[in-house]
Amino acid sequence: MMWRHLVVGCFVYGALVVQPSVSVNSGNPLLCPWIPGIALIVCGLWLDGSSSLIWSAVLGLGVDCLSGERLGFHVVGATIASVCMQLIRGRSSARGVLSIGPVAFIAITVWRVVSTVLRDVVEHAAVTSQDLARILSECSATTVLFVGTILTLRILANELGLVRDSTAPLSNRWSMLTES
Amino acid sequence: MTIRAFYTACLLVLIGVGLYFAPAGVADRIRGTMNDMMRPGLHVMKIARETVEQRFTGSSDASNNTNAVDRLSEELETERELNRALQIRMAELIERDRPENDVVASISKTHRLFLPSLVEVVVLGNTLADEWCSGKLIDFGAKDGLRENELVLASRKSKKTLIDAGHDAEISTEDSLLLGRCVIGKVEHVGRWTSTVQLVTDANYRGRAQLIRRTSDGFVFDGARGILRGQGESLCKLEGIPPDSSVHVNDSVFTADRAGIEPTPLYYGHVVHATLGPEDREWTVYVKPVSLPTRLATVNVLRMAANPDRLAVK
């Protein structure tokens, strides 16, 4: 279980250091993925319960520190997004790659919208449609990147024979144990 | 979602709200700590970004190198054209200084009745020519029948060049005037002892000419023949080249002897300008003849003489 925390910690750290480079070198700002969103999805997929929430909050704090704005907006946004993701996964029994896509999109969008709206409300700024459009485009790009990466890794794993066939029925397992 | 997770979420939200209202010192300390923790990773990312940018910059350098190569190729082609023109000029100078014996050496044992022969003549200076025409240089006067041809005298009045050979040297009208192996004019009027010559650049000069292109495989003649006409200026005009002929700048212009007497075509000059308009019936070709030295002292006259072998009594 500790290795999961280690991997998630690496994802969180990597997302925080990669995002400034991605945002600087992106040619089209509307197609720039938001890397911390991918780290949020990883936290929600690999960890459950309080662990996922805590890592999400840490991720949000890191984004707050990098953004240069007042602390707290992204902590709250990431926490709420993680809660939403856990609620959606808890209600849905689907575990396929494509089923994670909508969950990821919703979680990332919730994070960005909550943090943006909170900031604009607190600072008495207007939430423009352009901001929302930019958020949606970034979230879409991030979701596409995440799903594409997962699919690619799954295909590679299948090609290399690393995926264990989990569809074997229980009865067959008894047969495998008893038969010589 | 468990109760524990719900309480954790509420606690984290409160922490976030608390961070917003935290004093500036505390917020700055937290921000500094987080930035210090991320500094090594940011430094690594910076190095990786610079490395990637250098690789892409190398690709753009390759494209710049390609543009430089294209530009240098164009410059090389221009220099090659210039080099070719200089080679032609050098060939002209060499031809001009070649001994005249080379012209007749190859036909000394032919069976032809009339053989071309060269005679070296002196170009008389203006002062000497004027005194000659005025009769001051002849001890015997006109009453003795020793007077130069009237045509020669008349043409001399128009300042035509005078040579010291006439009928006495078996000079004939239209005999080519050579400088080395290059044609620089022809005999206009033949007198008893002197003759006037017409240079290629003179306004009334006419001569049959043909275009020959010098290629890496040798000389190529595609049948383009015309009339080389002097214009009274430095360039001559080659007329009568049909539009279906191929004419290029730096093509060589040689004599086209219809009578077949000349052993080899003789060099006039080279093409410096050639245009063919959409409605033109012939090419407009300008030829730069062989340049003459500042002081023309001696020239050769290509004359026709009977073959002594054919006239010998057996």
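Chain A is the first sequence line, chain B the second, and so forth, proteins listed ahead of strands; every chain is numbered from 1.
- Interatomic distance, CD of Q86(A) versus OG1 of T2(B), reported as 7.5 Å (0.5 Å rounding).
- The ring pair (Phe, Tyr, Trp, His ring centres under 6.0 Å) search around F73(A) returns Y20(B), not counting sequence neighbours.
- Side-chain atoms of R31(B) come within 3.5 Å of backbone atoms of E69(A) as a donor-acceptor pair (strictly under, hydrogens ignored).
- For chain A, the nearby parts of I30(B) are the backbone and the side chain; heavy atoms of each come within less than 4.5 Å.
- For a residue to count as touching a neighbouring chain, one of its non-hydrogen atoms must lie under 4.5 Å from one of that chain's; by this rule L118(A) does not touch chain B.
- By number of non-hydrogen pairs under 4.5 angstrom with chain B, the leading residue of D64(A), V122(A), I80(A) is V122(A).
- Closest approach of S50(A) to A5(B), counting heavy atoms only: OG-CA, 3.8 Å.
- Separating the CG atom in L87(A) from the CZ atom in F6(B) is a distance of 10.0 Å, to the nearest 0.5 Å.
- Residue-environment remark: CD (Q130(A)) stays at or below the threshold of 12 foreign heavy atoms within 6.0 Å.
- Chosen from V75(A), T79(A), L61(A), I54(A), the residue pairing most often with chain B at heavy-atom distances under 4.5 Å is T79(A).
- Taking non-hydrogen atoms and a 4.5 Å limit, the residue list of residues 4-17 of chain A in contact with chain B, ordered by number, reads Y13(A), L16(A), V17(A).
- Heavy-atom distances place no part of D48(A) under 4.5 Å from chain B, backbone and side chain included.
- In terms of heavy atoms, M38(B) sits closest to G62(A) at CE-O, 4.2 Å.
- Most heavy-atom pairs under 4.5 Å with chain A, from the set N35(B), L19(B), V44(B): that is L19(B).
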